Amino acid sequence: MSQRVTEQLHEKAEGLDCRPLAEIALLLSQGQGRAASCVDAASGQIASASQAMAQSITQNAVLHYVAAGSSGLMAAADAMELGGTFSIPAAQIRIHMAGGLPTGAEMPGGTEDETDQIRESLSNIGPQDTVIAVSASGSTPYTNEAARIASAAGATVIGIANNAGAELLRLSDHPVLLATPPELLSGSTRMGAGTAQKIALNMLSTLMAVQLGHVHDGMMVNLTADNTKLLSRARGIVAKIAGVEDAAAEDALSQADGAVKPAILIASGVESLTKATALLNASKGHLRPVLEKLKNE
């Protein structure tokens with residue numbers, strides 16, 4: 001078996017430690033850029049995979065993010081943003097990281113070879129659920145076992161790996177190959193591979209949100225405004241889309257109990273929260289058709 005790309009030596013690696021720091025810094029930056037550009041080739045697969053995630057959320061099923069090590073941190077970062085950014089209910093999101101999410105600076109590596117934990121964690125997985133499994137090598141036992149369990153249960157598997165021909169990709173309904181080049185620091189997949197994974201995960205969740213009606217003209221219209229910054233952002237979103245002043249936007253948000261979509265409709269002339277909610281339910285949560293209907297009335 002040929003050596004995995006993620007373990008190969010970078011073409012500029014020889015004598016790396018003898019070079020000026022500024023030169024090394026530039027090589028590191030260029031390496032991240034090259035890794036990021038590799039995601040473009042997988043955009044079609046990512047778009048297709050996002051549909052499974054949107055369907056799971058629509059069906060009140062669960063998204064399971066599964067990974068180990070650095071990949072686990074990338075997966076967890078995306079999963080933990082779904083509530084605040086798009087108001088995806090916490091009950092519909094699970095994070096399965098080998099060894100558990102770290103509470104300190106130590107992250108044990110041996111746990112990625114263990115599979116008992118993930119068998120227990122996925123014991124109740126259902127056929128409408130979607131598993132987002134991430135592994136740079138594509139051979140991590142913990143992650144690949146999750147893919148097998150999910151497939152056996154009839155759930156959909158999105159597999160993200162950085163090596164062509166990886167087992168994880170073969171186990172997936174939606175294989176996403178991020179063909180990043182060798183790391184400048186050989187095998188340190190927290191670098192280029194991790195960057196590409198983060199981009200792909202961001203794309204998956206954002207594309208899912210678009211399909212759920214949580215994005216309108218590049219604005220997060222289903223965010224949870226639970227701090228001063230987000231309250232200000234929500235007010236700005238309502239004002240921008242409804243074409244009203246900040247004071248009117250704030251009043252609409254108050255009437256809508258802080259929910260951005262119905263607040264936009266109230267600020268656009270809908271007489272009550274009840275009516276705004278009914279209109280949104282009829283459009284399956286999408287603002288644009290409701291706003292177009294109001295404009296034409």
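Note that the structure is a prediction, hence the values are computed from the model and not measured.
Formation of a donor-acceptor pair under 3.5 Å by the T277 side chain with backbone atoms of L273 is found in this model. The backbone N or O of Q128 sits less than 3.5 Å from a side-chain atom of S56, completing a donor-acceptor pair. With hydrogens and angles disregarded, a donor-acceptor distance shorter than 3.5 Å links the side chain of Q117 to the backbone of G99. Between the S50 side chain and the L204 main chain, no donor and acceptor come within less than 3.5 Å of each other. Using modelled atom types, one side-chain atom of T206 and one backbone atom of N202 make a donor-acceptor pair closer than 3.5 Å. Q92 contributes a side-chain N or O that, together with a main-chain N or O of A61, makes up a donor-acceptor pair within less than 3.5 Å. Although no hydrogens or angles enter the test, the distance criterion places a donor-acceptor pair under 3.5 Å between the side chain of N222 and the main chain of F86. No side-chain donor-acceptor contact under 3.5 Å links D129 to the backbone of I125. Here the side chain of T115 pairs no donor or acceptor atom with the backbone of Y142 at under 3.5 angstrom. Looking at S172, its side chain does come within 3.5 Å of a backbone N or O of L168 through a donor-acceptor pair.
A continuous path of ILVMFWY side-chain contacts below 4.5 Å connects L201 to M97, so both sit in one hydrophobic cluster. Residue M74 is not grouped with residue I118 when hydrophobic side chains (ILVMFWY) are merged at heavy-atom distances under 4.5 angstrom, including chains of intermediate members. Both L63 and L73 sit in one connected hydrophobic cluster of ILVMFWY residues. Membership requires side-chain heavy atoms under 4.5 Å apart, directly or through other members. Under the 4.5 Å side-chain heavy-atom criterion for Ile, Leu, Val, Met, Phe, Trp and Tyr, V238 and V270 are members of the same hydrophobic cluster. Residues V260 and I57 share a single hydrophobic cluster, defined by chaining ILVMFWY side chains whose heavy atoms lie under 4.5 Å apart.
Across every non-hydrogen atom of A79 and I95, the tightest pair is CB-CG1, 3.7 Å. When all heavy atoms of G138 and N144 are compared, the closest pair comes out as O-ND2, 3.2 Å.
S137 and S139 share a side-chain donor-acceptor pair at under 3.5 Å. If you check the side chains of N296 and E292, you find no donor sitting under 3.5 Å from an acceptor.
Every salt bridge (Lys or Arg N to Asp or Glu O under 4.0 Å) that D217 has, sequence neighbours left out, goes to R288. Qualifying salt bridge (Lys or Arg N to Asp or Glu O under 4.0 Å) partners for R235, counting only residues two or more places apart in sequence or in other chains: E250. Scanning for salt bridge (Lys or Arg N to Asp or Glu O under 4.0 Å) contacts around E7 gives an empty result, with sequence neighbours left out. The side-chain contact (heavy atoms from CB on, under 4.5 Å) search around S268 returns A242, I264, L291, L294, not counting sequence neighbours. Applying the ring-ring contact (aromatic ring centres under 6.0 Å, His included) test to H96 and every residue at least two apart in sequence or in another chain returns H64. Judged as a side chain to side chain donor-acceptor pair (under 3.5 Å), and not counting sequence neighbours, the contacts of Y65 are D78. Qualifying side chain to side chain donor-acceptor pair (under 3.5 Å) partners for T6, counting only residues two or more places apart in sequence or in other chains: N163.
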Check the pair S205, E81 against side-chain contact (heavy atoms from CB on, under 4.5 Å), reporting the backbone distance first and the verdict last. CA-CA 9 Å; S205 55; E81 292 278 5; over 6 Å; no

Determine, step by step, whether L27 and L16 satisfy the side-chain contact (heavy atoms from CB on, under 4.5 Å) criterion, reporting the C-alpha distance in whole Å, the side-chain angles of both residues, the deciding distance to 0.1 Å, and the verdict. CA-CA 10 Å; L27 289 171; L16 179 68; 4.1 Å; yes

List the steps, then state whether salt bridge (charged side-chain N to carboxylate O under 4.0 Å, His left out) holds for R148 with E167. CA-CA 11 Å; R148 294 188 193 95; E167 183 181 10; 2.5 Å; yes

Step-by-step side-chain contact (heavy atoms from CB on, under 4.5 Å) determination, I237 to L223: CA-CA 10 Å; I237 290 171; L223 63 81; 3.8 Å; yes

Checking L28 against I24 for the side-chain contact (heavy atoms from CB on, under 4.5 Å) test, could you report, in this order, the C-alpha distance in whole Å, the side-chain angles of both residues, the deciding distance, and whether it holds? CA-CA 6 Å; L28 287 167; I24 299 173; 4.1 Å; yes

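Using a 4.5 Å cut-off on side-chain heavy atoms (C-beta onward), L171 and V157 make no contact. A 4.5 Å side-chain heavy-atom check between R233 and K229 finds at least one atom pair inside the cut-off. When side chains are defined from C-beta on, L9 does not count as touching P182, because their heavy atoms never get closer than 4.5 Å. For the pair L265/L280, a side-chain contact is recorded, criterion being any heavy-atom separation below 4.5 Å from C-beta on. Considering only heavy atoms from C-beta on, I132 comes within 4.5 Å of I160 through its side chain. At a threshold of 4.5 Å between non-hydrogen side-chain atoms, the residues I88 and L212 count as touching. A heavy-atom distance below 4.5 Å is found between the side chains of S71 and Q197. Contact annotation: the side chain of P181 approaches that of C38 to within less than 4.5 Å [non-hydrogen atoms, C-beta and beyond].
In this structure, the separation between CE on M80 and CD1 on I93 is 10.0 Å, given to the nearest 0.5 Å. Once rounded to the nearest 0.5 Å, the distance linking CD1 of I46 with CE of M208 reads 14.0 Å. One finds the CG atom of L287 at 9.5 Å from the CE atom of M219 (value rounded to the nearest 0.5 Å). Of the inter-residue distances, the one linking L82 atom CG with S87 atom OG reads 10.5 Å to the nearest 0.5 angstrom. How far CE of M203 is from NZ of K198: 12.5 Å, rounded to the nearest 0.5 Å. The distance from the CD atom of E112 to the OG atom of S135 is 7.5 Å, given to the nearest 0.5 Å.
Among residues at least two apart or in separate chains, there is no salt bridge (charged side-chain N to carboxylate O under 4.0 Å, His left out) pair with a member in residues 257-282. Listed by first and then second residue, the salt bridge (charged side-chain N to carboxylate O under 4.0 Å, His left out) pairs that reach into residues 169-187 come to none, sequence neighbours excluded. Within the structure, ring-ring contact (aromatic ring centres under 6.0 Å, His included) contacts touching residues 169-221 (residues at least two apart or in different chains) do not occur. Within the structure, the salt bridge (charged side-chain N to carboxylate O under 4.0 Å, His left out) test picks out the following pairs touching residues 113-123 (sequence neighbours left out): D116-R119, R119-E145. Screening residues 30-47 for side chain to side chain donor-acceptor pair (under 3.5 Å) gives Q32-T195 as the qualifying pairs, with residues at least two apart or on separate chains.
Few gaps surround CD on E11; more than 12 heavy atoms of other groups in view lie less than 6.0 Å from it. Counting heavy atoms of neighbouring residues, nucleotides and ligands inside a 6.0 Å radius, atom CE of M191 exceeds 12 of them.
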